[in-house]
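In what follows, chains carry the letters A, B, and so on, assigned in the order in which the sequence lines appear, proteins first and then strands, with residues in each chain numbered from 1.
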Number of protein chains: 2
Amino acid sequence: MGFNIKDVASLAGVSPSTVSRVVANHPRISEETRERVRAAMKELDYHPNAIARSLVKKTSETIGLLIPNPIDQFFLNPFFTECLRGITSVTEQEGYDVLLSTSNGTGFTDEMRLQHMIGSKRVDGIILLNSKMHDPLISILEENHVPCVLIGRPSTTTSISWVNNDNVKAAYDATKHLIEHGHTRIGFLSGSQELVVSVDRLSGYHAALRDRNLPFDPNLIVTAEFLEQGGYSGMMRLLALPDRPTAIVASDDVLAFGAMRAAGELGYHIPDDLAIIGFNDMHLAKMANPPMTSMNVHIDELGKVAAEMLLDQITKANRGKRTVIIQHNLVIRRSCGSQVQPTYEAF
Amino acid sequence: MGFNIKDVASLAGVSPSTVSRVVANHPRISEETRERVRAAMKELDYHPNAIARSLVKKTSETIGLLIPNPIDQFFLNPFFTECLRGITSVTEQEGYDVLLSTSNGTGFTDEMRLQHMIGSKRVDGIILLNSKMHDPLISILEENHVPCVLIGRPSTTTSISWVNNDNVKAAYDATKHLIEHGHTRIGFLSGSQELVVSVDRLSGYHAALRDRNLPFDPNLIVTAEFLEQGGYSGMMRLLALPDRPTAIVASDDVLAFGAMRAAGELGYHIPDDLAIIGFNDMHLAKMANPPMTSMNVHIDELGKVAAEMLLDQITKANRGKRTVIIQHNLVIRRSCGSQVQPTYEAF
DNA sequence: ATGAAAGCGCTAACAG
DNA sequence: CTGTTAGCGCTTTCAT
């Protein structure tokens, strides 16, 4: 318990540096001493102290993930799990661990937590989630020259790399789909306009209306938190309008679920009375009643590519700025009035 | 960029130890030097190197979470997110971060990853998920005297603390509910019998049948992975029986979803032809068609209590073994044939 | 109240 | 191929 490199060295009758070399698989070590050291390591159940190693090598084989506040609200949206699944699918292959910056108790802002994560040297790079408009986190990252990748689009010019969907186009496509179904009054359930993703999706909605010469009615746009409750109350407001929408684009599936619940309570039938399209195509979507049409933006892929890009920066010192766009595709089910077979999908 | 304690010290005209003291809020520092040091820290944008600190203090303000292999399969079940939500709700208050041990690329087993996490000294304590029967991880934890808490019940006597549900009783209650609805042929969709939770839930099912003098038919028990696909194929097998069950207890909601899909494809109507009860009451459950009756075991609470217990061990050196049982409650919706109002629930 | 010095466990020149 | 030496950046006695 708690043996260190010196203990192993003296048991094997060599110097600490030799032990260090066999641990690191240094080539120029005689087979004989290598064996002897290995035996000593096993006998003492020696495990190298990663902290000490980290201190001298200045790498930690760990990447950091900054969970934006409020933390537990973030976990409520399946977005996080999907992202993390993508991220870990590459870290596990490359031998990296993932540090979640959660500590917030002492009233730390996201900026302070990011500064701390960088300054504390516990991670070799950082993945940032959920970029906000005029996000101060971006400039912190730039100033510090830390390897990092943003999941989402920065709202201002920046030198840091990012992965994103073409959210403008995705919302455009979703809205167009409803227009092609004959809808002219289409409501839009938006997430907070502080988030770039919300801004982009709203602007795609606008563009689609404009292209088809449909009038734009600000009353048809409701902003809510990315929570089911937000979708519910937003929808209630839309349905209370004298000239209610006949179709809804929700910029997140959880909003769409809330919207469906509100519609159900008021006695509207989906898709006959009201068409709904969600965003993200979470697993939930296919189990909804009726199964929900949703824009799949391949969140796991966002995470996967972000992690790959980050590890590239870290291991290859490849700091050139890269931006990647992940494709989207509309998964048509029954909530939008399309005539599709009642299919059964696996998770 | 990259200033250290010495840089701050010389700028402030003091010794490194003094800087260290003001960082640590040491009381016996004159107000004047404290100010001077703070100014220097701010000017250099100094952030203490947590790695160096960790090396000497032997604490990291980080707790480790060992994600069992296969990692990405684990993320597919919402169990993980809920657990993590509970865990982070306490770490964020207490100023701890969370390290996910994911690195697995070089063919590491769970044991090796645990050993590494402990030996590497990057975490002050460990939360273990998903205990298996005869789990070797448990003995590793015991031997190393690391602060740790198990989420789940250990299958053998052990000195380590754990949090769990009374899964035997929970499955008993779920099964009893179906029996009270008049069912006598009740199928059981189990997760892998290598997991303690599966064993417990199956034994609760047994006990309920026994208590009501119902015959036990091994054909009614199907074991599958905790994935929707597992529930689907398991259900297909049950429904192919000459004397098919009229009700199902699924030991996980994702299994129940797969079961519902299979039943749907074969033209069975739920709950009229077939009653189903799931386990975990994930958010999905209430959005199912029909809304799913499910045993809520309060997973976030498991995570929360586990984290609290762990931090207690770490900060108070409170190593006494503790075991906590989190209550369960059946959330009755429409998939089990109970006559309940079609209610609408928020997330 | 502050500084000097030793050392946490490891790696990396530099010698040999 | 292997050992010696000098740190990595910080905390912590022990002095003063």
Enquirer: Applying a 4.0 Å non-hydrogen cut-off, can you work out what A:Val14 is touching in the nucleic acid: base, sugar-phosphate, or nothing?
Expert: sugar-phosphate
Enquirer: Tell me the interatomic distance from B:Arg122, atom CZ, to C:dC10, atom P, rounded to whole angstroms.
Expert: 14 Å
Enquirer: At what distance, to the nearest 0.5 angstrom, does OG1 of B:Thr323 lie from CH2 of B:Trp162?
Expert: 5.0 Å
Enquirer: Between A:Phe3 and A:Tyr46, is the gap from one ring center to the other below 6.0 Å?
Expert: no
Enquirer: Yes or no on side chain to side chain contact (heavy atoms under 4.5 Å, CB included) for B:Leu302 and B:Lys304, after CA distance, side-chain angles and deciding distance?
Expert: CA-CA 6 Å; B:Leu302 287 175; B:Lys304 182 161 172 282; over 6 Å; no
Enquirer: For A:Lys58 versus A:Asp124, what's the shortest heavy-atom pair and its separation?
Expert: O-OD1, 4.4 Å
Enquirer: Is the shortest side-chain heavy-atom distance between B:Arg36 and B:Val14 below 4.5 Å?
Expert: yes
Enquirer: Residues from residues 21-36 of chain B sitting under 4.0 Å of DNA chain C, heavy atoms only?
Expert: B:Arg21, B:Arg28, B:Ile29, B:Ser30, B:Thr33
Enquirer: Which atoms form the tightest heavy-atom contact between B:Thr62 and A:Arg122, and what is the distance?
Expert: OG1-NH1, 4.0 Å
Enquirer: Check step by step if side chain to side chain contact (heavy atoms under 4.5 Å, CB included) holds for A:Leu141 and A:Leu128.
Expert: CA-CA 10 Å; A:Leu141 250 11; A:Leu128 210 63; 3.6 Å; yes
Enquirer: In this structure, how many angstroms lie between the P atom of C:dC8 and the NZ atom of B:Lys121, rounded?
Expert: 14 Å
Enquirer: Going by salt bridge (Lys or Arg N to Asp or Glu O under 4.0 Å), name the pairs with one or both residues in residues 148-159 of chain B, residues two or more places apart or in two chains.
Expert: B:Arg153-B:Asp200
Enquirer: Between C:dG7 atom C1' and A:Asn4 atom CG, what is the distance in whole Å?
Expert: 12 Å
Enquirer: Enumerate the residues from residues 48-57 of chain A whose closest heavy atom to DNA chain D is under 4.0 Å, giving them by residue number; use none for an empty result.
Expert: A:Leu55, A:Val56
Enquirer: Please confirm whether the shortest side-chain N or O distance from B:Ser15 to OP1 or OP2 of C:dT2 is below 4.0 Å.
Expert: no
Enquirer: Just compare D:dT4, D:dG9, C:dA5 and give me whichever is closest to any side-chain atom of A:Ser17.
Expert: D:dT4
Enquirer: Have a look at A:Lys58 and say if it touches a base, only the backbone sugar-phosphate, or nothing, with a 4.0 Å heavy-atom cut-off.
Expert: sugar-phosphate
Enquirer: Could you give the NZ-to-P distance, from B:Lys6 to C:dG3, as a whole number of Å?
Expert: 15 Å
Enquirer: What distance separates B:Thr91 OG1 from A:Leu100 CG, expressed to the nearest 0.5 Å?
Expert: 8.5 Å
Enquirer: Could you tell me the separation between the CZ atom of A:Phe3 and the P atom of C:dC10, rounded to a whole number of Å?
Expert: 13 Å
